[in-house]
Amino acid sequence: MALKFHAAIHLSLQLSPSPTLFAPSFCKPQKLLKSLVKKTHVCQSSLVDEQQQQISFNEQENQLINALVGIQGRGKSASPQQLNEVGHAVKVLEGLEGVSEPTGSNLIEGRWQLMFTTRPGTASPIQRTFVGVDFFSVFQEVYLRTNDPRVSNIVRFSNAIGELKVEAAATIENGKRILFQFDRAAFSFNFLPFKVPYPVPFRLLGDEAKGWLDTTYLSPSGNLRISRGNKGTTFVLQKKTEPRQRLLSAIGTGTGVLEAINEFIKLNQNVAKDEMELIDGEWQMIWSSQMETDSWIENAGRGLMGKQIVTKNGQLKFVVDILLGVRFSMTGTFVKSSPNTYDVKMDDAAIIGGMFGLPVEMETKMNLELLYSDDKIRISRGYKNIVFVHVRTDGTRQK
């Protein structure tokens with residue numbers, strides 16, 4: 001079962017469609033993964049881009065990037081703890097000296113990818129529809145140094161289908177603020193030789209088609225931007241993403257996941273520890289190399305869906321929400337058998353609803369091998385050599 005990541009961007013305007021990003025979908029069986037991801041941290045990939053490897057963020061920027069990893073729905077489904085971490089990191093950066101007058105800098109120009117927004121549900125019906133669809137990717141383009149300055153929101157449905165582009169005429173008010181007015185929009189479908197107009201009468205909307213966008217932090221590297229809109233929304237956008245974000249993006253769109261896993265492990269092989277630990281916390285599975293093939297209860301008991309809760313005393317729990325407060329729970333133990341491998345035995349299962357529980361006779365034994373693990377993301381090989389990607393959902397690990 002894959003977690004869904006929603007993505008959306010809007011320029012604080014109720015009727016503007018939003019661009020999107022990172023969207024996990026149910027994965028298809030991937031038998032090739034066994035040969036691609038070897039039983040070692042060292043994997044080959046032709047997709048490693050030297051420029052991507054050299055993305056630089058300062059310490060405070062890295063705190064924000066780390067807080068964003070694992071957040072679902074670009075903030076829509078974030079926990080209070082995750083929202084607090086992001087909010088704190090945003091305020092720290094806004095208190096630093098970034099580019100002093102971002103609207104006058106060439107660094108603000110270009111295509112930006114939305115990573116986080118604080119109010120994804122305040123848009124028009126069509127925008128809320130886009131926010132809830134994981135498969136889409138979302139971007140914002142800023143081009144102020146032309147004869148026709150513009151800020152645009154782009155929803156990319158897929159490389160095969162096409163995109164929706166909503167454009168606004170833009171003017172610079174001061175060193176931080178851009179004024180905009182939406183005036184045109186169209187669908188560009190790859191299978192049509194013409195654009196399809198987006199049916200919103202911008203000219204009739206008057207002030208409703210207008211707004212402003214303040215850039216409260218622009219990194220000196222030009223890779224990270226924080227903006228606040230006229231409806232009180234905060235946006236975090238990036239031009240280049242770090243390896244974990246690129247992996248989650250591939251999982252979100254459902255394209256190139258195997259290549260992204262190999263690239264990620266290869267990029268981290270020089271910094272990965274010789275011995276990794278099964279880090280305690282709450283972990284949600286967002287991708288596996290094989291779909292569930294048996295009954296849901298057997299899949300749940302083998303860790304092929306739902307959450308894993310790891311404790312410091314060597315206990316492991318599988319939890320799957322069924323419906324209306326009813327959940328499947330199975331507990332067991334894990335013992336390290338080699339530097340990166342654990343023997344897992346799960347043998348205490350029940351279906352729980354409120355204060356009541358129905359015991360289920362089940363037992364699962366398997367080896368769990370860690371291919372990569374940090375405080376936010378884990379790549380492992382488990383039942384029947386299936387490869388899993390989990391993200392941590394209970395905040396940053398306390399040192």
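All values below come from the heavy atoms of this structure, side chains included, with hydrogens, waters and symmetry mates left out.
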Notebook entry, point to check: Between Glu61 and Tyr217, is any side-chain donor less than 3.5 angstrom from a side-chain acceptor?
Noted result: yes
Next item on the list: Spell out, as yes or no, whether a donor-acceptor pair under 3.5 Å connects the side chain of Asn340 to the backbone of Met276.
Entry: yes
Notebook entry, point to check: To the nearest 0.5 Å, what is the distance between CH2 (Trp212) and OG1 (Thr171)?
Noted result: 13.5 Å
Margin query: Given 3.5 Å as the limit, does a donor-acceptor pair link the side chain of Ser227 with the main chain of Leu213, or not?
Written below: no
Checklist line | Any donor-acceptor pair under 3.5 Å from Thr341 side chain to Glu369 backbone | finding: no
Next item on the list: Flag the pair Phe334 / Leu278 as yes when at least one side-chain heavy-atom distance between them is below 4.5 Å, and no otherwise.
Entry: yes
Notebook entry, point to check: Any side-chain donor-acceptor pair under 3.5 Å between Glu163 and Ser188?
Noted result: no
Notebook entry, point to check: From Asp343 CG over to Asn367 CG, what is the distance, rounded to the nearest 0.5 angstrom?
Noted result: 5.0 Å
Margin query: For the NZ atom on Lys317, are there more than 12 heavy atoms of other groups (residues, nucleotides or ligands in this structure) within a distance under 6.0 Å?
Written below: no
Checklist line | Side-chain donor-acceptor contact under 3.5 Å, Ser158 with Arg156 | finding: no
Note to self: Side chains of Asn313 and Thr311: any donor to acceptor distance under 3.5 Å?
What the structure shows: yes
Checklist line | Flag, side chain of Asn385 to backbone of Arg381, donor-acceptor distance under 3.5 Å | finding: no
Notebook entry, point to check: With no hydrogens and no angle check, is any side-chain donor or acceptor of Ser373 less than 3.5 Å from a backbone partner on Arg378?
Noted result: no
Checklist line | Full working for salt bridge (Lys or Arg N to Asp or Glu O under 4.0 Å) between Arg145 and Glu109 | finding: CA-CA 8 Å; Arg145 283 151 190 78; Glu109 303 275 308; 2.8 Å; yes
Checklist line | salt bridge (Lys or Arg N to Asp or Glu O under 4.0 Å) assessment of Glu275 paired with Lys336 | finding: CA-CA 11 Å; Glu275 182 171 344; Lys336 180 171 283 193; 2.8 Å; yes
Checklist line | Donor-acceptor contact present, side-chain Asp214 to main-chain Thr216, <3.5 Å | finding: no
Next item on the list: Measure the acute angle between the ring planes of Phe157 and Phe189, then classify it against the limits of 30° and 60° as parallel, tilted or perpendicular.
Entry: parallel
Next item on the list: To the nearest 0.5 Å, tell me how far Arg225 CZ sits from Gln113 CD.
Entry: 12.5 Å
Note to self: Please check: side-chain N/O of Thr118 versus main-chain N/O of Thr234, any donor-acceptor pairing under 3.5 Å?
What the structure shows: yes
Next item on the list: Hey, could you give me the CD/CG distance between Glu363 and Asp348, rounded to the nearest 0.5 Å?
Entry: 11.0 Å
Notebook entry, point to check: Just checking, any donor-acceptor pair under 3.5 angstrom between side chains of Gln238 and Gln245?
Noted result: yes
Next item on the list: Rounded to the nearest 0.5 Å, what's the gap from CE on Met362 to CZ on Phe328? Could you check?
Entry: 5.0 Å
Next item on the list: Apply salt bridge (Lys or Arg N to Asp or Glu O under 4.0 Å) to the pair Asp321 and Arg327, showing each step before the final yes or no.
Entry: CA-CA 4 Å; Asp321 292 325; Arg327 68 185 187 276; 5.8 Å; no
Notebook entry, point to check: Do Leu93 and Leu64 have side chains that get closer than 4.5 Å, going by heavy atoms?
Noted result: yes
Notebook entry, point to check: Taking Asn66 as the fixed residue, which of Glu242, Arg244, Glu85 is the one that meets the side-chain hydrogen bond (donor to acceptor under 3.5 Å, both in side chains) rule?
Noted result: Arg244
Next item on the list: Quick one: pull up OG in Ser221 and CG in Leu107 and give me the separation to the nearest 0.5 Å.
Entry: 8.0 Å
Check: Taking Lys307 for the side chain and Thr393 for the main chain, is one N or O donor matched with an acceptor at less than 3.5 Å?
Finding: no
Check: Under 30°, 30 to 60°, or over 60°: which ring-plane class applies to Phe202 and Tyr198, parallel, tilted or perpendicular?
Finding: tilted
Notebook entry, point to check: Taking NZ, NE, NH1 and NH2 as the nitrogens, is one of them in Arg392 or Asp394 under 4.0 Å from a carboxylate oxygen of the other?
Noted result: yes
Note to self: Could you check whether any side-chain heavy atom of Glu101 comes within less than 4.5 Å of a side-chain heavy atom of Val99, counting everything from C-beta outward?
What the structure shows: no
Item checked: Closest non-hydrogen atom pair, Val166 against Phe182 -> CG1-CD2, 3.4 Å
Item checked: Phe356 atom CZ, neighbour heavy-atom count above 12 within 6.0 Å -> no
Item checked: Close side-chain approach of Thr103 and Arg177, heavy atoms under 4.5 Å -> no
Check: How about Met330 and Thr364: do any of their side-chain heavy atoms sit closer than 4.5 Å?
Finding: yes
Next item on the list: Check the angle between the aromatic planes of His390 and Phe388 and answer parallel, tilted or perpendicular using the 30° and 60° thresholds.
Entry: tilted
Margin query: Checking the side chain of Ser329 only, and the main-chain atoms of Val319 only, is there a donor and an acceptor separated by less than 3.5 Å?
Written below: no
Margin query: Quick check: Tyr372 with Phe264 (ring centres under 6.0 Å apart)?
Written below: yes
Note to self: I need the minimum non-hydrogen distance between Leu144 and Val151, along with the two atoms involved.
What the structure shows: CD2-CG2, 4.5 Å
Check: For the side chain of Thr333 and the backbone of Leu316, is there at least one donor-acceptor N/O pair under 3.5 Å apart?
Finding: no
Next item on the list: Quick one: do Glu263 and Arg246 satisfy salt bridge (Lys or Arg N to Asp or Glu O under 4.0 Å)? Show the steps, please.
Entry: CA-CA 10 Å; Glu263 175 197 5; Arg246 296 198 295 274; 3.4 Å; yes
